[in-house]
Student: 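Questions regarding the structure given below will be posed in turn.
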Amino acid sequence: MGVGGGGGQAAVSAPAPVPAEEAGKDAEEGGGWTVKAKLIAAAVLVWVLGSAALWVFLHSYFRHAALRKAEEALVSMCEERARMLQDQFAVSVNHVHALAILVATFHYEKHPPALDQNTFADYTARTSFERPLLSGVAYAQRVVHADREGFERHQGWIIKTMKHEPSPAQDEYAPVVYSQETVSYIEGLDMMSGEEDRENILRSRASGKAVLTRPFRLMSNHLGVVLTFPVYHADLPSDAKEEDRVAATAGYLGGAFDVESLVENLLRQLAGNQELVVNVYDVTNISNPLVMYGSEVPLGNPSPSHICMLDFGDPFRKHHMVCRNKPHVPWSAISTPSGVFVICMLVGYIAGAAWSRYDNVKEDCRKMEELKKQAEAADVAKSQFLATVSHEIRTPMNGVLGMLDMLLDTDLTSTQRDFAQTAQVCGKALISLINEVLDRAKIEARKLDLESVPFDLRSILDDVISLFSSKSREKGIELDVYVSERVPEILLGDPGRFRQIITNLVGNSIKFTERGHIFVQVHLADHSNLATESKVEPVANGMNGHTDEKTAVATSVSLNTLSGFEAADSRNSWENFKLLLSYEKNEMPYESVSDKVTLVVSVEDTGIGIPLDAQAKVFTPFMQADSSTSRTYGGTGIGLSISKCLVELMGGQINFVSRPHVGSTFTFTAVLKRCDRSAIGDSKPVMLHPLPSSFKGLSALLVDRRPVRATVTKYHLQRLGIACDVVATIELALGVLSGRNGSSLTSMKQPCMLLIESDSWGFNIDVSLRSRLLEMKQNGHTHVLPKIILLAAAESGKLKEHYAVDSVITKPLKASALAACLFQTLGIKQSSNERSDNSGSLYGLLLGKNILVVDDNKVNLRVAAGTLKKFGAKVECVESGKDALALLQVPYKFHLCLMDIQMPEMDGFEATKQIRAMEAKANEQAVACDNSEIDGATRAARWRLPVLAMTADVIQATHEECTKCGMDGYVTKPFEEKQLFQALQKFLDPGMSC
């Protein structure tokens, strides 16, 4: 192979000999080639020069655009920093003002004064966190010369100047009497002995505002200013005259303000990628500006800058903030023109190299063929991998579901049966999830098609409620479903995908709801539109028109909801719900005359809601509301995006209304088709879950103070054929039962059960309720005492022991669980036709049949044998293909063989091939023998044993391989009764014998 390959390579690479005629022709064209080469060179030169000119033009354009943008950004950033600097300075001024009010209150308005040095020092030290930018505060008292001697005698020290010398005589003084511990060294110093301090004191008491000194170095070596605030004996009006302010002045509160630290903290908070240089100046004397922060760069520096005025509250002093941005050439001004230049060069190169590419086409085609073969092999490997993964996951699930099915055939209490059925529903949901993962290839190829089969919408919703019933009980939230009476019982569509949408929405609601309720409603589109068209509110960003999160949270909505908590969408109010109920009672005709039915499904919760900034990306795959959501609540963020795609495939739309801290309401439409029971045939199989008819004609009385919840409970009772009346309290219920106060029953029949919501149940009410019912019976007001049933979200066993009630129905309500509880409570025996299902026909099909089951998994063998024996079959099990071949010898003693595919030593495919080969050999011998010597029962047409694959794979390639090796069909694990009946019906006739 290596020799052949090397020879081939040499043959390709060796140049072929040039004929003499072609060489002469090339020589003749040599002169013309020189001219052509010159033209090509000239064209290349022009192309390069043109590309260079284009580079210069683009560079100039992008540079000027970037500089303009940088100037605009500089102005915006500088204005923002100036505004925040003023705000933070104003906060510190307010704290000093508050301290001045404190001094005026406790030093001058209290007799004797309630403030001294120790108290002031202790208070200012404890509240220093409010003034982080003030290195210290002190209070200087105003002392006129006539009071100096008495003041010094009272204080025990003499007034000194800033140089710590006795203060000379003057009209008035401002000695520091109270000081913070950090500036205690200034105690006793006359603040008016300094020229600038005296000027500030005079200005502050005349204006009544805080005044500043010019910047100077603090003890921390930072630049700062002294803030002075006047303290008055009494409150002055805002329009007080200057002489009134001077006369009312009691003292002065001052503090050293660290301007440099303030600006540094501000810039640290707003730190970004921009190289921004900030300087703050005191420009009271514009000819000699004083630096308060930053390097001493003159204001007239020609570098790009922006000047913002700063208002620190002192009308005398002027301050500026100067922001500079270091000029630089933007990268886009170089990269973009260079990229265009490179593209131009590449275009020229591609045009020049186009002819040379022709020789490589054949080699590329050869490589593409090789890659095609590799891709096909990879696709086969992928299918095999998916088949293996499917088998390994579905095999233990087959055991789980099979054991649950066998458990359900035993004697169980209603609660145990409900638990087992819920576990079975969850297992089936996991199997459907595995199917969705294995269908990923169809989704990527845009080949995901919807089924069109009859299904019971209400049964699907009951199954979804079962999935989340335990979680809702753990959280103590109401989980209910309501389907309009006008929605047809049987619809034509894809039940699996419809269930997937509802499961995703309810699952999200369960995950994000900690209190309140989750309410699923299904109505016809025409009725839903009529109920809301007169009260439609604008919906913007999913917020009912609210553009502000605080406004959205505070908007008051009627609390007459399922649980009493506020709901997000005000259109789902009790008033609209009553309109929908009135349409049903009035038998309002459906407007559409076609066989299509447009449903409106809403899932309402009172959870945490969706943040406003995350509502635009709710339906984006793998997106969460924020990073904390995935950590706190988990999830992949793909459920809503999948639901949106499925809704659109059903011809509908999905939207939502969400308000943070209130809840969310997701609403979608789906276009399905009507389907009558008479039209259901073998071509359209449907799994119906008929409800028992034993309760028809019974009546009940419901006590519930919430009308929405009462309507939902009444809906479930009416599904069982029970007429129901609703009252708000137990007192009203007793009045209805006794006929007092004109109360009467709409059902015109004495109720046999009294259902009471747990929140209507009072303390020790069970004893008083039973005593009053007995009294009513003795008085002849009622003939039969109704059964007292409590509706609660807690475990029924515990509540039944605690309260003296006949039964407790655990929420959430669903028709099957409600029926099971009523059968037990009312003592009604279930009729045999209500228990029958598809298992009856399967029993007749399998009764007395010998079936061989081949599987290497003992649990699967046990499940398969138990299922088949339940329907009367005689089952023999083996664990390998070799053992099956040992038993399957002509003449057969089995009617059917169920064969697993993946088994050690010999898989199902190989075993089936050998079975067919053995049958072919036996048939050939039968044909060759004389008919007189062969019994009629052993003719050639006899030996064809039906072999069905028990496969956990749902890959099309696996099904094709089953047919190819001679199998007659397959049953997907875990199999159900309906599926098993359909697979065996054409092979096992009740009249056939061995």
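Reckoned from all heavy atoms, side chains included, excluding hydrogens, waters and symmetry mates.
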Student: What distance separates L58 CG from T336 OG1, expressed to the nearest 0.5 Å?
Tutor: 8.0 Å
Student: How long is the straight-line distance from CD1 of I518 back to CD1 of I477, given to the nearest 0.5 Å?
Tutor: 4.0 Å
Student: Do the ring centers of Y173 and F151 come within less than 6.0 Å of each other?
Tutor: no
Student: Closest heavy-atom contact between V211 and S204?
Tutor: CG2-CB, 3.6 Å
Student: Any donor and acceptor pair, going by atom type alone, linking the side chain of R205 with main-chain N or O of Y252 inside 3.5 Å?
Tutor: no
Student: Counting only N and O atoms by type, is there a donor-acceptor contact under 3.5 Å from the side chain of R131 to the main-chain atoms of T127?
Tutor: yes
Student: Quick one: do H320 and Y281 satisfy ring-ring contact (aromatic ring centres under 6.0 Å, His included)? Show the steps, please.
Tutor: CA-CA 5 Å; H320 284 174; Y281 297 94; 8.3 Å; no
Student: So how far is it from L134 CG to H95 NE2, rounded to the nearest 0.5 Å?
Tutor: 9.5 Å
Student: Mark yes or no for whether N94, through its side chain, and A90, through its backbone, hold a donor-acceptor pair below 3.5 Å.
Tutor: yes
Student: Within a reach of under 6.0 Å around CZ of F216, are more than 12 heavy atoms found that belong to other residues, nucleotides or ligands?
Tutor: yes
Student: Given side chains that start at C-beta, do those of E172 and R148 come closer than 4.5 Å, heavy atoms only?
Tutor: no
Student: Can you tell me if Q86 uses its side chain to pair, donor with acceptor, with the backbone of D311 under 3.5 Å?
Tutor: yes
Student: With distance as the sole criterion, is a donor-acceptor pair present between the side chains of E79 and H306 under 3.5 Å?
Tutor: yes
Student: Using side-chain contact (heavy atoms from CB on, under 4.5 Å), reason through F666 and V657 one step at a time and then give a plain yes or no.
Tutor: CA-CA 7 Å; F666 281 81; V657 174; over 6 Å; no
Student: Check whether the side chains of H222 and D258 place a donor and an acceptor atom closer than 3.5 Å, and report yes or no.
Tutor: yes
Student: Where do A568 and S658 come nearest, in terms of heavy atoms and distance?
Tutor: CB-CA, 4.3 Å
Student: Do L223 and Y293 have side chains that get closer than 4.5 Å, going by heavy atoms?
Tutor: no
Student: With side-chain contact (heavy atoms from CB on, under 4.5 Å) as the test, pick out the partner of F656 among V603, V618, T665.
Tutor: V618
Student: Roughly how far, to the nearest 0.5 Å, is CD1 of I158 from CD of E165?
Tutor: 10.5 Å
Student: Is there a donor-acceptor pair closer than 3.5 Å between any side-chain N or O of D605 and the backbone N or O of T513?
Tutor: no
Student: Of the non-hydrogen atoms in A206 and R245, which two are nearest, and what is the gap between them?
Tutor: O-CD, 3.2 Å
Student: Kindly say whether L562 contributes a backbone atom to a donor-acceptor pair with the side chain of E478 at under 3.5 angstrom?
Tutor: no
Student: State the CG-CG distance between L67 and L74, to the nearest 0.5 angstrom.
Tutor: 12.0 Å
Student: Between the side chain of R63 and the main-chain N/O of H59, is any donor-acceptor distance below 3.5 Å?
Tutor: no
Student: Take R142 and V246 through the test side-chain contact (heavy atoms from CB on, under 4.5 Å) and record every step on the way to the result.
Tutor: CA-CA 10 Å; R142 182 188 182 191; V246 172; 3.9 Å; yes
Student: Quick one: closest heavy-atom pair of F229 and A100, and the distance?
Tutor: CD2-CB, 4.3 Å
Student: Angle between ring planes, H107 versus Y178, binned at 30° and 60°: parallel, tilted or perpendicular?
Tutor: perpendicular
Student: How far apart are the C-alpha atoms of Y108 and Y232, what are their side-chain angles, what is the distance that settles it, and do they pass the ring-ring contact (aromatic ring centres under 6.0 Å, His included) test?
Tutor: CA-CA 9 Å; Y108 293 102; Y232 298 107; over 10 Å; no
Student: Can any side-chain N or O of T213 pair as donor or acceptor with the backbone N or O of V226 at less than 3.5 Å?
Tutor: yes
Student: For S193 and T161, which I'm curious about, is there any donor-acceptor pair between the side chains at under 3.5 Å?
Tutor: no
Student: Do the non-hydrogen side-chain atoms of P175 and V143 ever get within less than 4.5 Å of each other?
Tutor: yes
Student: S509 versus K511: any side-chain heavy-atom pair under 4.5 Å?
Tutor: no
Student: Check whether more than 12 heavy atoms from other residues, nucleotides or ligands sit under 6.0 Å from atom CG of D235, and answer yes or no.
Tutor: no
Student: I'd like to check P113 versus F106 (side-chain heavy atoms, cut-off strictly below 4.5 Å). Are they in contact?
Tutor: no
Student: Side chains of N285 and R214: do they bring a donor and an acceptor to under 3.5 Å?
Tutor: no
Student: Just do the salt bridge (charged side-chain N to carboxylate O under 4.0 Å, His left out) check on D314 and K209 with the steps written out, would you?
Tutor: CA-CA 7 Å; D314 189 346; K209 298 180 180 179; over 6 Å; no
Student: Could you check whether D759 pairs with R705 (Lys NZ or Arg NE/NH1/NH2 to Asp/Glu carboxylate O, under 4.0 Å)?
Tutor: yes
Student: With distance as the sole criterion, is a donor-acceptor pair present between the side chains of T119 and D122 under 3.5 Å?
Tutor: no
Student: Check whether more than 12 heavy atoms from other residues, nucleotides or ligands sit under 6.0 Å from atom NE2 of H233, and answer yes or no.
Tutor: yes
Student: Taking only Lys NZ, Arg NE, NH1 and NH2, and the carboxylate oxygens of Asp or Glu, determine whether R126 and E181 approach each other closer than 4.0 Å.
Tutor: no
Student: Just say parallel, tilted or perpendicular for the rings of H319 and F312, cut-offs at 30° and 60°.
Tutor: tilted
Student: Side-chain contact test, heavy atoms from C-beta onward, threshold under 4.5 Å: evaluate it for F120 versus V103 and give yes or no.
Tutor: yes
Student: Closest approach of S179 and S184, non-hydrogen atoms and distance?
Tutor: OG-CA, 3.4 Å
Student: Looking at E149 and R153, is there a salt bridge between them, counting it only when a charged N and a carboxylate O are closer than 4.0 Å?
Tutor: yes
Student: Just how far is it from atom CG of L227 to atom NE2 of H97, taken to the nearest 0.5 Å?
Tutor: 11.0 Å
Student: Under 4.5 Å between any side-chain heavy atoms of K160 and D190, yes or no?
Tutor: no
Student: I'd like to know if the side chain of Q155 reaches the main chain of V177, judged simply by a donor and an acceptor atom lying under 3.5 Å from each other, with no hydrogens or angles considered.
Tutor: no
Student: Just checking, any donor-acceptor pair under 3.5 angstrom between side chains of T284 and R317?
Tutor: yes
Student: Under a 3.5 Å distance rule, please check whether K475 uses its side chain to pair with a backbone N or O of I510 as donor and acceptor.
Tutor: yes
Student: Do the side chains of E199 and E195 get nearer than 4.5 Å, heavy atoms only?
Tutor: no
Student: Test H517 against L479 for side-chain contact (heavy atoms from CB on, under 4.5 Å), laying out the working first.
Tutor: CA-CA 6 Å; H517 67 268; L479 175 59; over 6 Å; no
Student: Could you pull out the closest heavy-atom pair between G313 and P315, with the gap in Å?
Tutor: O-CD, 3.3 Å
Student: Using the side-chain contact (heavy atoms from CB on, under 4.5 Å) rule, take L310 and V280 through it: C-alpha gap first, then chi angles, then the decisive distance, then the call.
Tutor: CA-CA 9 Å; L310 294 176; V280 180; 3.9 Å; yes
